[in-house]
J.: 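Right, I'll just put the structure down here and ask away after.
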Amino acid sequence: MLTINVAVLLAVIVFFRLRRRTQARSRFDEKTTVVIVLALGVLLAPTPVGQGILDVLGQLASGVTQASR
C-alpha cells in the first residue's frame, strides 16, 4: 500500500513540474524531472495499474502497426 501512496505523490510532483513553462526550466530542472518520472515508472510497473497501462499501450502499438500495413 505504501508504494501506491509514493507513486501518487510522485505523479502529483511530475504534474506540477510539467505545468511550468519550458523556457523557465534549467538543465538541472529537466534532469530532475526525468529522474522523478523514471522513479514513478519503476514504482508503477509491478502494480495492477502499471500492468493495465502496459496492456493499453501494447494494444495501441499493435493497432498502429496493423493500420500502417
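Quick note: residue numbers are just sequence positions, from 1. Being a predicted model, the structure only gives us computed values, none of them experimental.
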J.: Decide whether L18 and L9 are clustered together by the hydrophobic rule: side chain heavy atoms of Ile, Leu, Val, Met, Phe, Trp, Tyr closer than 4.5 Å, transitively.
T.: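 Yes, one cluster joins them.
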J.: List in chain and number order the residues that pass side chain to side chain contact (heavy atoms under 4.5 Å, CB included) with R19, two or more places apart in sequence or in another chain; answer none if no residue qualifies.
T.: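 R19 satisfies side chain to side chain contact (heavy atoms under 4.5 Å, CB included) with F15, F16 only.
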J.: Can you list, by chain and residue number, the hydrophobic cluster partners of L38 when the side-chain cut-off is 4.5 Å?
T.: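 V34, all in the cluster of L38.
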J.: Would you list the atom pairs, donor with acceptor, under 3.5 Å between side chains in residues 57-65 and any protein atom, with sequence neighbours excluded?
T.:
residue	atom	partner	partner atom	Å
T65	OG1	A61	O	2.8

J.: Is there a donor-acceptor pair under 3.5 Å between the side chain of Q51 and the backbone N or O of P46?
T.: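 Answer holds: no.
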J.: Determine the minimum heavy-atom distance between L10 and I36, stating which atoms define it.
T.: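 What the structure gives for the nearest pair is CD2-CG2, 3.7 Å.
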J.: Who else is in V56's hydrophobic cluster (ILVMFWY, side-chain heavy atoms under 4.5 Å, direct or via others)?
T.: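 Other cluster members: none.
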J.: Once side-chain hydrogen bond (donor to acceptor under 3.5 Å, both in side chains) is applied, what residue pairs with a partner in residues 30-39 remain, sequence neighbours excluded?
T.: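 Every pair satisfying side-chain hydrogen bond (donor to acceptor under 3.5 Å, both in side chains) with a residue in residues 30-39: R17-T33.
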